[in-house]
Participant: 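Could you have a look at this structure, given as structure tokens, before my questions?
Order of appearance sets the numbers: ligands from 1, and atoms from 1 within every ligand.
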Amino acid sequence: MEKTDSLWYKNAVFYELYVRGFYDSNGDGHGDLRGLMQKLDYLQELGVDCLWLLPIYPSPLKDDGYDIADYYSIHPDYGSLDDFRALLEAAHARGIRIIMDLVLNHTSDQHPWFQAARRRSPEQSEGGSDPASPYRDYYVWSDTDQKYRQARIIFVDTEKSNWTWDPVAGKYYWHRFYACQPDLNYDNPAVRAEIFNILRFWLDLGVDGFRADAVPYLFEREDTDCENLPETHAYLKQLRRFVDEHYPGRILLCEANQWPQDVRSYFGSGDEFHLAFHFPLMPRIFMAMQRADLTPIKWVLEQTPVIPDECQWCTFLRNHDELTLEMVTEEERQGLWQAYAPDPRMRLNLGIRRRLAPLFRDDRRKIELAYSLLFTLPGSPIIYYGDEIGMGDDLQLPDRNGVRTPMQWEDSPDAGFSTADILYAPVLNDRQYCPQRVNVAAQRADAGSLWHTLQKMIAIRKQYSALSCGNINWVDCGTSAVAVYQRACKGEQLLVINNLSAISQTVDCSLPPGITDGIRDIMTNQPANFTDGQLSLMLRPYEYRWLLLPMQKG
Ligand code: GLC
């Protein structure tokens, strides 16, 4: 792996991958690390630079691995540490990096730390702390459930409180997510030290970084909402310093579902996270397309503060969770629910539990347009596994499982995913999205498929640095139904035009001064006509154009 380019993440295309759902190499019905290894050629051909693996640690799987029972090994369904080493080596040999999920905020209630923390010594009186268990202080306990009342509940559909009574400990314990995920106590120096050990372990194995889960909630303080606290930032900066000192070139990606102004602080002055998800942009892409109006996108980007040069936003359309609508107003949420989740089964918490293709009713034009926005707006894009072929979802499955079904490789009933009779989750069997209709093999064989369009977008995105390092300048074209913007960097200039509407649009816009030579559409390789510094184009419904402007003269 080329170690010299320490800013590799600024121009990377990420691929979020659910190992259990990707490819089953040993026929037990669960995808595994050896299976993923067999599909690295596929990922290389798609052109992605970095895989983000959802949690692969031993876990009772009450939250699909975000409930970790052991930070130092691999869930047996997925394989062994040796398999993981082999995977890293094979990926690196292909120039593909791998980051993994790091769940800092909480463990599983099955983690030996929590089990030890609950126990009281026999001689101990009711409710007292256990002097024999140093682990008691690894978690956040209270005699009442009335502390930290300003902290919101995140999983509103399942949890009524952030406190749960533990009869063994005789106390309440604190948890921001499911009750089976007790929060670690970051006021305890021993906990803070444990996390450094975990980081060291995986970085020594060769991982290229971490997607740090749920970081806003590490510390708790009375009379605050217990999010984004200064103590949390101070600790995260220590983690970053550790990574920079010992593992330069490895990255930390921040998961904070917050407003851009709040997420801004997770970049520090370039000394906290390398990357952070841009949560509020995502629903606004869907909103803009539903309303045929660029205003929500423009507005949120205007609210987005400048970040240090060496930092980058991570942008996405969908992921393994519900499409979160936390970062929109109540009215906007109702509008998005009505448009994209008309059936109540499609809703979960404050979001929508559907994949990309069904969200757009499998309308290829809309799917491509959404990708066009993702690949040309500022930030490093992440693709969610299966969305490159327009996979569907399964509303019969509970929670977020419906967007985590087996990857559809072939048109066979088992989707070419596994030889087992019983799979961890059923292959999609509805008429529209079953493997007979949607699969990798068919799309790779068809030059006109979504897969090929995406492969092309990825290649082009990497070829033009204006798309990764350039600022965005909005260009007025007379209608807000068409999003037109310029991305420019190091003398390279692109003009991106997205028709957000269901009707054809004529676009007239002024070109930057000094353009005399030809303009080329880099997706189709066709020239675009213009006269006297004016570009005049006719766009079909949901059509998009990525235009390369010639270098300016003079
Ligand atoms: C993050 C993960 C989500 C998980 C939660 C608790 O939001 O994306 O899947 O349930 O953290 O760990």
Participant: Taking only heavy atoms of His320 into account, list the atoms of ligand 1 that are under 4.0 Å away from them.
Facilitator: 2 (C), 3 (C), 8 (O), 9 (O)
Participant: Indicate, with yes or no, if the rings of Trp202 and Tyr57 have centres closer together than 6.0 Å.
Facilitator: yes
Participant: Is any NZ, NE, NH1 or NH2 atom of the basic residue among Arg34 and Asp83 found under 4.0 Å from an Asp or Glu carboxylate oxygen of the other?
Facilitator: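 Salt bridge present between Arg34 and Asp83.
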Participant: Is the distance between the ring centroids of Tyr139 and His111 less than 6.0 Å?
Facilitator: no
Participant: For atom 4 (C) of ligand 1, find the nearest protein heavy atom and state the residue, atom name and distance (0.1 Å precision).
Facilitator: Asp63 OD2, 3.3 Å
Participant: Quick test: of every protein heavy atom, which one is nearest to atom 7 (O) of ligand 1, and how far off is it to 0.1 Å?
Facilitator: Glu255 OE2, 2.9 Å
Participant: Using heavy atoms and a threshold below 4.0 Å, how should the contact between Arg176 and ligand 1 be classified: side chain, backbone, both, or neither?
Facilitator: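 Near ligand 1, Arg176 shows nothing, with every heavy atom at 4.0 Å or more.
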Participant: Is any NZ, NE, NH1 or NH2 atom of the basic residue among Lys237 and Asp244 found under 4.0 Å from an Asp or Glu carboxylate oxygen of the other?
Facilitator: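 Between Asp244 and Lys237 there is no salt bridge, as every charged N stays at least 4.0 Å from the carboxylate O atoms.
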Participant: Establish, from distance only, whether the side-chain atoms of Tyr186 and Asn105 form a donor-acceptor pair under 3.5 Å.
Facilitator: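 On atom types as modelled, these side chains do not qualify, holding no pair under 3.5 Å.
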Participant: For ligand 1, which atoms sit closer than 4.0 Å to a heavy atom of Arg400?
Facilitator: 3 (C), 4 (C), 9 (O), 10 (O)
Participant: Suppose I only count heavy atoms of Phe177 and a 4.0 Å limit; which atoms of ligand 1 are within that range?
Facilitator: 5 (C), 6 (C)
Participant: Please check if the distance between the ring centroids of His274 and Trp8 is under 6.0 Å.
Facilitator: no
Participant: Provide, to 0.1 Å, the distance between atom 1 (C) of ligand 1 and the closest protein heavy atom, together with that atom's residue and name.
Facilitator: Asp213 OD1, 2.7 Å
Participant: Side chain or backbone of Phe155 under 4.0 Å from ligand 1, or both, or neither, by non-hydrogen atoms?
Facilitator: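 Phe155 to ligand 1: side-chain contact only, backbone stays beyond 4.0 Å.
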Participant: Does Arg211 have a heavy atom less than 4.0 Å from any atom of ligand 1?
Facilitator: yes
Participant: Suppose we measure from atom 8 (O) of ligand 1 to each protein heavy atom; which comes out shortest, and what is that distance?
Facilitator: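 Ranking protein heavy atoms by distance from atom 8 (O) of ligand 1, first comes Asp321 OD2, 2.5 Å.
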Participant: Using a 4.0 Å cut-off to any heavy atom of His106, which atoms of ligand 1 qualify?
Facilitator: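 Near His106, meaning under 4.0 Å from one of its heavy atoms, ligand 1 has 6 (C), 12 (O).
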Participant: Between Phe84 and Tyr78, does the ring centroid distance fall short of 6.0 Å?
Facilitator: no
Participant: For residues Trp409 and Tyr42, establish whether the separation of their ring centroids is below 6.0 Å.
Facilitator: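 When the ring centroids of Trp409 and Tyr42 are compared, they turn out to be within the sub-6.0 Å range.
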